[in-house]
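Take a look at the structure below.
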Amino acid sequence: MAVFGIFGTETANVGLSVYYGLYALQHRGQASCGIVVNDDGIFHAYKDSGLVNEVFSDRVLTNLGLGQMALGNVRYGTMTTKDRINAEPILINHSKGKLAIAIDGRLVNSAELKNEMEMEGSIFHTGNDAEIISAVIIRERIRSSSIEEAVTKAVGRLRGAFAIIVMSPQKMIAFRDPQGMKPISLGKRQDGEYVLSSETCALNSVGATLVRDLEPGEIVVFKKGQEMCSLRDYCNKCQEKLCVFEYLYTARPDSVIENCSVHLVRKRAGAMLAKAHPIQADVVIGAPDSGIDAAIGYAEASGIPYGLGLIKNKYIGRTFIDPGQNVREDKVKIKLNPVPETVKGKRVILVDDSIVRGTTMACVVKLLREAGAKEIHVLSTAPEFKNPCYYGTDIGSRDELIACKYTPQEMASIFGADSVGFLPLADVYQLGASGTCKGYCAACFDGNYPTEIPQPVNNKYDKKIHNNT
Ligand code: 5GP
Ligand code: MG
């Protein structure tokens, strides 16, 4: 999921800029997308299921019109949340005005909050955390003198990993969870417009340059005619816990997170793999797209040549997102093709970013064997993925995770590979060492969740009925 916002003062085609921003963030979610343009307090919105360039035709973009600020989102979803109704930003009319909200991330206490709000009479239409968060903000808004005061109070109720942008008729407010688990950056254009983006790669696409990342727990407020205002001390100081998977998989390699290039982190991961798993081989190849940088890093560190071993069809998105297993297997086959000239008769090291369910790797190894690879040594820049993620990655339970059931040796025989190796867990915390991040969430690998994890909700109303009968 990703958020992108533009705040200017002059009337301009801000909707088009958000479109370009979302286009650059498409890798973070392909299920649905949406843009809300704010023209002097009048909101024009459009959202739907589908990719950014499918949903936003010229006509739709023209109809959004001009404005002074705009907000957009791309999201991915499970089968049930892919529908148009779940597309963001969420728009709300409330007693004190209007609100648009978009989120990257997930709350771990959404069930509890939803239950609480429903007991007070709220009605929810979507399966989205954004809707629950907007309800919490609006409840606070009724008792507060400003939207930023309401947001500040509401954020205290949110638990989880999130980067959120809220737009009111007059203001744009962005905030990051207290542990900075999700990234969000602030940029500026030459004409003075501020840009907020989940990743820096989208700043470049709208001609903005990076000012800085939002700090963990920071709230920034933009209002016409005023300097940007930053609230940093509203929440208890927490230790930073950036999602390390952002570096390994989620982000685009040309993005910079916490002053550390994603491309360089991946290359470093490849070099660490070369040290942990020195293998005699003829060629190193990467699984496109997110395994390529690390394969180059392994090749550089080991002296074994890098080769172009797999080609990805550019018109296919990220396959993992599809929940049905059959769909996923089919997609791997049509997504990747081996280059026999690179692998035939060779001892091949194949680097990928991660092995989660093992579906991709089993298919890729088969393809490489068919293309004549003599030996195949599989390496993953993510350590063994052993715990579900509650912060936005689509992994429900441990039974889905291959590393929970099998050793690397067993995985090798399942995949038909000669060996399987992972980045050592200790290395993962060093990946962003050249940047400014002070700590990581690596819960998927080490099981240390930085927050409480979702609990089934005890619905008081149900209980009451039950007690009465
Ligand atoms: P597996 O096939 O083992 O279940 O998943 C691993 C593959 O999916 C890797 O190629 C990796 O690049 C990709 N992947 C890992 N995590 C995610 C994720 O959260 N979303 C998407 N779309 N792909 C992922
Ligand atoms: Mg992949």
Side-chain angles (χ1 to χ4, degrees), residues 248-249 269-270 273-274 276-292 294-299 302 304-313 316 318-386 395 398-424 444-445:
L248 292 174
Y249 170 78
L273 276 175
H277 302 281
I279 295 166
Q280 301 286 320
D282 305 308
V283 66
V284 187
I285 66 170
D289 291 317
S290 33
I292 301 282
I296 295 171
Y298 189 108
S302 64
I304 302 169
Y306 169 78
L308 197 60
L310 289 160
I311 298 297
K312 179 180 158 188
N313 183 329
I316 276 190
R318 290 187 148 177
T319 51
F320 186 86
I321 289 158
D322 288 296
Q325 187 76 9
N326 290 340
V327 181
R328 216 183 283 130
E329 278 173 23
D330 285 350
K331 277 212 174 167
V332 176
K333 273 189 239 155
I334 52 173
K335 174 176 163 179
L336 293 174
N337 238 7
V339 182
E341 291 68 21
T342 305
V343 300
K344 198 164 178 207
K346 304 258 178 68
R347 296 169 300 169
V348 177
I349 295 175
L350 166 64
V351 184
D352 201 359
D353 62 281
S354 59
I355 299 172
V356 183
R357 298 174 176 94
T359 323
T360 311
M361 202 41 89
C363 296
V364 173
V365 170
K366 193 160 167 256
L367 292 176
L368 292 173
R369 284 273 182 232
E370 285 164 4
K374 195 165 79 186
E375 284 177 29
I376 304 167
H377 301 276
V378 170
L379 292 173
S380 160
T381 59
E384 286 166 88
F385 202 121
K386 287 191 165 165
I395 292 144
R398 285 194 172 79
D399 342 320
E400 294 178 13
L401 303 171
I402 192 165
C404 285
K405 293 185 272 189
Y406 303 105
T407 63
Q409 291 77 359
E410 288 166 338
M411 283 183 223
S413 74
I414 292 168
F415 300 154
D418 295 85
S419 70
V420 171
F422 293 86
L423 188 78
C444 47
F445 314 128

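All values reported here derive from a predicted model rather than from experimental measurement.
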**OP:** Could you tell me whether K405 atom NZ has more than 12 heavy atoms of other residues or ligands within 6.0 Å of it?
**Re:** yes
Subject >> All side-chain hydrogen bond (donor to acceptor under 3.5 Å, both in side chains) counterparts of S290, not counting sequence neighbours >> reply: D353
Just list the side-chain donor-acceptor pairs under 3.5 Å for residues 364-376, sequence neighbours left out, or say none.
residue: R369; atom: NE; partner: G416; partner atom: O; Å: 3.2
residue: R369; atom: NH1; partner: K374; partner atom: O; Å: 3.1
residue: R369; atom: NH2; partner: G416; partner atom: O; Å: 3.0
residue: R369; atom: NH2; partner: D418; partner atom: OD1; Å: 2.8
residue: E375; atom: OE1; partner: H377; partner atom: NE2; Å: 2.8

Which residues pass the side chain to side chain contact (heavy atoms under 4.5 Å, CB included) test with [X], sequence neighbours left out?
X	result
P278	none
I355	M361, V378, S380, I402, F415, V420, F422
E341	V339

Original post:
Say you draw a straight line from OH of Y249 to CG of D352; how long is it, rounded to the nearest 0.5 Å?
Top reply: 9.5 Å
Original post:
If you measure from CG on L379 to OH on Y298, what distance do you get to the nearest 0.5 Å?
Top reply: 5.5 Å
Original post:
Between L310 and I285, is any pair of side-chain heavy atoms under 4.5 Å apart?
Top reply: yes
Original post:
Between the main-chain N or O of N313 and the side-chain N or O of K335, is there a donor-acceptor pair closer than 3.5 Å?
Top reply: no
Subject >> Pairs satisfying salt bridge (Lys or Arg N to Asp or Glu O under 4.0 Å), at least one member in residues 281-292, at least two apart >> reply: D282-R347, D289-K312
Original post:
Which heavy-atom pair separates F385 from A403 by the least distance, and what is that distance?
Top reply: O-CB, 3.5 Å
